[in-house]
2 protein chains.
Amino acid sequence: MATIAVENYLKHALLLAERSPDGLVPMGELASALAVVPGTATTMVKALADSGLVVHEPRRGLRLTPEGRRVALNVLRKHRLVETFLVNVLKMDWAQVHAEAEQLEHAISDAVLDRLDALLGHPATDPHGDPIPSVEGTLNSAVYATLATCATEAPLRVVRVTDQSADFLTFAEAHGLRPGTTARVVDRNLPAGLVTLRRPRGKPFALSLSAAGRIWVEPADSP
Amino acid sequence: MATIAVENYLKHALLLAERSPDGLVPMGELASALAVVPGTATTMVKALADSGLVVHEPRRGLRLTPEGRRVALNVLRKHRLVETFLVNVLKMDWAQVHAEAEQLEHAISDAVLDRLDALLGHPATDPHGDPIPSVEGTLNSAVYATLATCATEAPLRVVRVTDQSADFLTFAEAHGLRPGTTARVVDRNLPAGLVTLRRPRGKPFALSLSAAGRIWVEPADSP
DNA sequence: GGATATATTTTGACAGTTCAAAATAAATCC
DNA sequence: GGATTTATTTTGAACTGTCAAAATATATCC
């Protein structure tokens with residue numbers, strides 16, 4: 001049985017590998033995702049390699065093995081289903097649930113997970129729009145445009161918010177930027193690094209290009 | 001913040017202290033409740049004493065301090081509310097939920113606990129009839145008669161089943177012995193160590209005196 | 001292409017939790 | 001009341017996961 005630390009290493013390795021073309025995760029990125037010093041990550045990755053969960057390519061990084069990926073997807077599935085439960089059933093603030101799920105993901109059994117999944121109606125995404133891995137281990141990693149890159153003026157629907165910090169999520173919610181809500185980009189000022197948005201029947205407001213890059217959107221039908 | 005090990009030591013110390021008149025818990029009992037060798041318990045209890053969570057009386061045992069009791073009650077509250085959630089909401093088998101709650105009790109925050117408590121309607125007992133400590137830290141430890149000690153013939157209602165083993169709970173449920181159900185003792189044969197029961201519209205069946213001692217009952221009004 | 005900056009690994013140490021086995025204290029039993 | 005049994009504590013060691021800091025590759029930059 002994987003320890004909590006092992007589950008965390010694998011989960012973060014998966015998240016980083018998803019955002020890298022070749023699946024190679026540099027040691028330093030893993031270390032800072034886990035908030036440990038680089039030497040600690042090296043030590044742990046060697047142990048994971050001995051267990052067959054990752055392949056360690058010295059001085060280059062690590063890759064998940066199929067078994068490591070399987071474990072990581074199971075943890076991620078727990079994390080995201082727990083988040084969904086906390087928001088949809090317990091009506092908790094979506095800005096808080098990430099931290100709660102970080103703990104619960106390691107304590108919940110597969111049996112409980114199945115019941116939770118059924119209770120929630122087998123959701124495809126969590127409250128942030130992050131895709132929930134299936135029981136079979138598939139992860140929908142569709143890539144969308146963001147408010148930093150999408151067309152201006154056209155109506156948009158928010159589909160995902162890729163930042164787990166409570167501050168950012170509280171800000172986003174305060175401006176109506178949750179998955180499912182609609183908005184349009186009225187201006188994008190690259191030199192100033194600003195994107196100006198407008199929600200239906202709302203006042204225009206601005207956010208930084210880097211913040212805008214964390215709001216994923218798709219074209220919306222109605223204006 | 002208390003570690004998982006610390007929470008477990010305190011929780012078991014509380015459970016053992018409740019069943020001891022003077023609140024003194026012998027080291028060996030604690031060690032076997034936690035499934036560790038006695039030396040380990042000694043080491044840990046000394047550390048807990050240094051943290052002010054217990055008082056260690058060498059060669060006699062330990063006692064919870066008010067602070068240790070507070071932490072233990074919080075863990076026990078989490079355990080029992082989680083069990084209630086798993087049975088009432090997720091419809092899990094009552095024989096399994098103890099093991100699940102052993103993990104979840106250490107991962108659930110006070111914020112989640114409050115929501116869960118509200119969702120469940122502030123229950124007073126868990127599915128086994130074990131009292132749920134209040135947020136304020138009071139624990140109803142009323143003592144009832146058991147099937148081993150109660151009057152015969154009179155109608156009874158099961159109020160509590162004090163055995164967490166899945167086998168026993170499955171057996172009890174199969175015979176309709178869950179809190180809320182009714183039965184009567186039709187015979188008690190002390191030399192043979194047997195108690196014979198009868199459920200309304202059911203066939204008489206027997207169980208051992210020691211098993212009967214784990215089924216707590218109160219007089220029921222209707223026959 | 002040698003100097004410098006950056007990333008990674010190695011080394012030694014520590015905290016927490018555990019066990020095995022020896023030592024010690026307390027209780028019990030003729 | 002001395003011998004024996006039983007409970008507890010001590011001692012020495014192991015394992016997991018971590019850090020600090022030194023050592024070592026690798027990449028980059030004139």
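Heavy-atom basis, side chains included; hydrogens, waters and symmetry copies ignored.
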Student check: side-chain heavy atoms of A:V158 and A:W216 closer than 4.5 Å: no
From C-beta outward on [X], which listed nucleotide comes closest to its side chain: [options]?
{"X": "B:P38", "options": "C:dT17, C:dA20, D:dT8", "result": "D:dT8"}
{"X": "B:T40", "options": "C:dT17, D:dT8, C:dC19", "result": "C:dC19"}
{"X": "B:V36", "options": "D:dG17, C:dT18, C:dT9", "result": "C:dT18"}
{"X": "A:M27", "options": "C:dT17, C:dT10, C:dT8", "result": "C:dT8"}
{"X": "A:T3", "options": "C:dT8, D:dT10, D:dG17", "result": "D:dG17"}
{"X": "A:R59", "options": "C:dT8, D:dC19, D:dT9", "result": "C:dT8"}

In whole Å, I'd like the distance from the [atom1] atom of [X] to the [atom2] atom of [N].
{"X": "B:N8", "N": "C:dT17", "atom1": "CG", "atom2": "P", "answer": "11 Å"}
{"X": "B:I4", "N": "D:dT16", "atom1": "CD1", "atom2": "P", "answer": "17 Å"}
{"X": "B:E57", "N": "C:dA26", "atom1": "CD", "atom2": "P", "answer": "13 Å"}
{"X": "B:L30", "N": "C:dT17", "atom1": "CG", "atom2": "C1'", "answer": "14 Å"}
{"X": "B:H106", "N": "C:dT17", "atom1": "NE2", "atom2": "P", "answer": "12 Å"}
{"X": "B:L48", "N": "C:dT17", "atom1": "CG", "atom2": "C1'", "answer": "12 Å"}
{"X": "B:M44", "N": "D:dT8", "atom1": "CE", "atom2": "P", "answer": "18 Å"}
{"X": "A:R60", "N": "D:dT26", "atom1": "CZ", "atom2": "C1'", "answer": "12 Å"}

Under 6.0 Å between ring centres, would you say that holds for B:H98 and B:H128?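 No, too far apart.
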Centroid separation B:F205 to B:F171 less than 6.0 Å: no
Need to verify one output field. Residue with the more 5' nearest nucleotide on DNA chain D, A:T43 or A:P58? A:T43
Tell me whether the side-chain N/O atoms of B:Y9 come closer than 4.0 Å to OP1 or OP2 in C:dT18. yes
Please state whether the phosphate of D:dT8, meaning OP1 or OP2, lies under 4.0 angstrom from any side-chain nitrogen or oxygen of B:H56.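 Checking B:H56 against D:dT8: no side-chain N or O falls below 4.0 Å of OP1 or OP2.
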Any side-chain donor paired with an acceptor under 3.5 Å for A:D167 and A:S165? no
No-hydrogen, no-angle side-chain donor-acceptor test under 3.5 Å, B:H79 and B:D126: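 Note: B:H79 and B:D126 side chains miss the donor-acceptor criterion.
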Which part of the nucleic acid does B:G39 contact within heavy-atom distance under 4.0 Å: base, sugar-phosphate only, or nothing? base
